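Only one structure is covered here, and it is reproduced in the block below.
The shown structure was predicted, so the numbers you read here are calculated from the model rather than taken from an experiment. In what follows, chains carry the letters A, B, and so on, assigned in the order in which the sequence lines appear, proteins first and then strands, with residues in each chain numbered from 1.
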2 protein chains.
Amino acid sequence: MTTAKTDAFELTVSRAAAFAKALAHPARIQILQVLARKKTCVCGEVVSELPLAQSTVSQHLKALKQAGLITGEIDGPAVCYCIDARAFNSIRKEFVSILDSITADVDCC
Amino acid sequence: MTTAKTDAFELTVSRAAAFAKALAHPARIQILQVLARKKTCVCGEVVSELPLAQSTVSQHLKALKQAGLITGEIDGPAVCYCIDARAFNSIRKEFVSILDSITADVDCC
DNA sequence: TTATATCATCGTATATTTACGATAAACGAT
DNA sequence: ATCGTTTATCGTAAATATACGATGATATAA
């Protein structure tokens, strides 16, 4: 009785909320920035770029992966993380279109 | 030792994360949609449009207000909520520009 | 003044989030 | 086989978030 009632809402709205939730922590946004900037698909370098412990960064990476925004493939002893460009852009587009629909209608007050 | 370390990140990143956090629940997105759609600044009608208890909706409204996305002014016994169009668009623009900067650089994998 | 309506807040319960250290698991190198 | 590196997971602790009913506060109406 305390879980988010995401079932009771429209699917597009729930998906947009899930996307927002994935970006709802500065560490995860910065991780995406790092992954986007580095041309090679660096993995653990992410940790050294963040002011957080390795285990904490790993948790954030897991959250981003579960949100479908990044992928991680094993590369020797390391793991190579990448933005899933296709999925990211798709979800992002849906999110932004919801934002647009909101701002477009604002004319009260 | 469990609070989000938002201080340790760039301000723009932290602000973007705060914006995302405000939208990280379907109820809050739907509230914004309702406020945007209704031309008059309806207040408690929001409650009747959502599948949640009045107190819960009130909490979500509070969260949106604290995020600076909506305003609420007393109108008789009722309270009139409105999207703060200026603030909303400003924060939204900053957020989207961060999204754009991420997607623009994606060419790994 | 006394209701009635509207909304916020309180109290409460539970789940989730955030963070860290410690440990386990997987791999390459010696 | 053993060691070092890298990453994930476990265990744990504390803060937040989510949800609801009950109660309080405020303003209009009677």
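- One can place CD of A/Glu73 at 14 Å from P of C/dC27, the figure rounded to the nearest angstrom.
- Relative to the side chain of B/His25, the nucleotides C/dT18, D/dT18, D/dA8 differ in distance, and D/dT18 lies closest.
- Residue B/Val57 is the one, among A/Pro77 and B/Val57, whose nearest nucleotide of DNA chain C lies closer to the 5' end (criterion: closest heavy atom).
- Across the protein-nucleic acid pair, A/Ile74 atom CD1 and C/dC27 atom C1' stand 9 Å apart, rounded to whole Å.
- Residue A/Ser55 places its side chain closer to C/dA22 than to any other of C/dA22, C/dC27, C/dT9.
- For the pair B/Lys62 NZ and D/dC20 C1', the interatomic distance rounds to 16 Å; values are reported in whole Å.
- Atom CG in B/Asp75 sits roughly 18 Å away from atom P in C/dA5 (whole-Å rounding).
- Between the side chain of B/Gln66 and the backbone N or O of B/Leu61 there is no donor-acceptor pair closer than 3.5 Å.
- Residue B/Leu52 is classed as a sugar-phosphate contact, given heavy-atom separations below 4.0 Å to backbone atoms only.
- Counting atom types as modelled, B/Gln59 pairs no side-chain N or O with a base atom of C/dA8 as donor and acceptor under 3.5 Å.
- The aromatic rings of A/His60 and A/His25 lie tilted to each other, with the angle between the two planes from 30° to 60°.
- Comparing C/dC20, C/dT6, D/dC20 against the side chain of B/Ala78 picks out C/dT6 as the nearest.
- Atom CG of B/Leu23 is separated from atom C1' of D/dA17 by 16 Å (rounded to the nearest Å).
- The shortest non-hydrogen separation linking A/Arg28 to A/Ala22 is NE-O, 2.7 Å.
- Residue B/Lys21 is classed as a sugar-phosphate contact, given heavy-atom separations below 4.0 Å to backbone atoms only.
- B/Ile31 has its CD1 atom 10 Å from the P atom of D/dA19, to the nearest Å.
- Rounded to a whole Å, the CG atom of A/Leu61 is 11 Å from the C1' atom of D/dA8.
- Following rounding to the nearest Å, B/Gln66 (CD) and D/dA17 (P) show an atom-to-atom distance of 9 Å.
- For the pair A/Leu32/A/Ile70, a side-chain contact is recorded, criterion being any heavy-atom separation below 4.5 Å from C-beta on.
- Comparing atom distances between the A/His60 side chain and each of D/dT9, C/dT9, C/dA19 picks out C/dA19 as nearest.
- Proximity of A/Ser58 to the phosphate of D/dA8: a side-chain N or O atom is located under 4.0 Å from OP1 or OP2.
- Candidate nucleotides D/dG21, D/dT9, C/dT18 were compared by shortest atom distance to the side chain of B/Ala53, and D/dG21 ranks first.
- Across C/dC7, C/dA19, D/dT5, the shortest atom-to-atom separation from the side chain of B/Gln54 is found for C/dC7.
- Judged by distance alone, the side chain of A/Ser101 and the main-chain N or O of A/Ile98 form a donor-acceptor pair under 3.5 Å.
- At D/dC20, one or more side-chain N or O atoms of B/Thr56 fall inside 4.0 Å of OP1 or OP2 (strictly under the cut-off).
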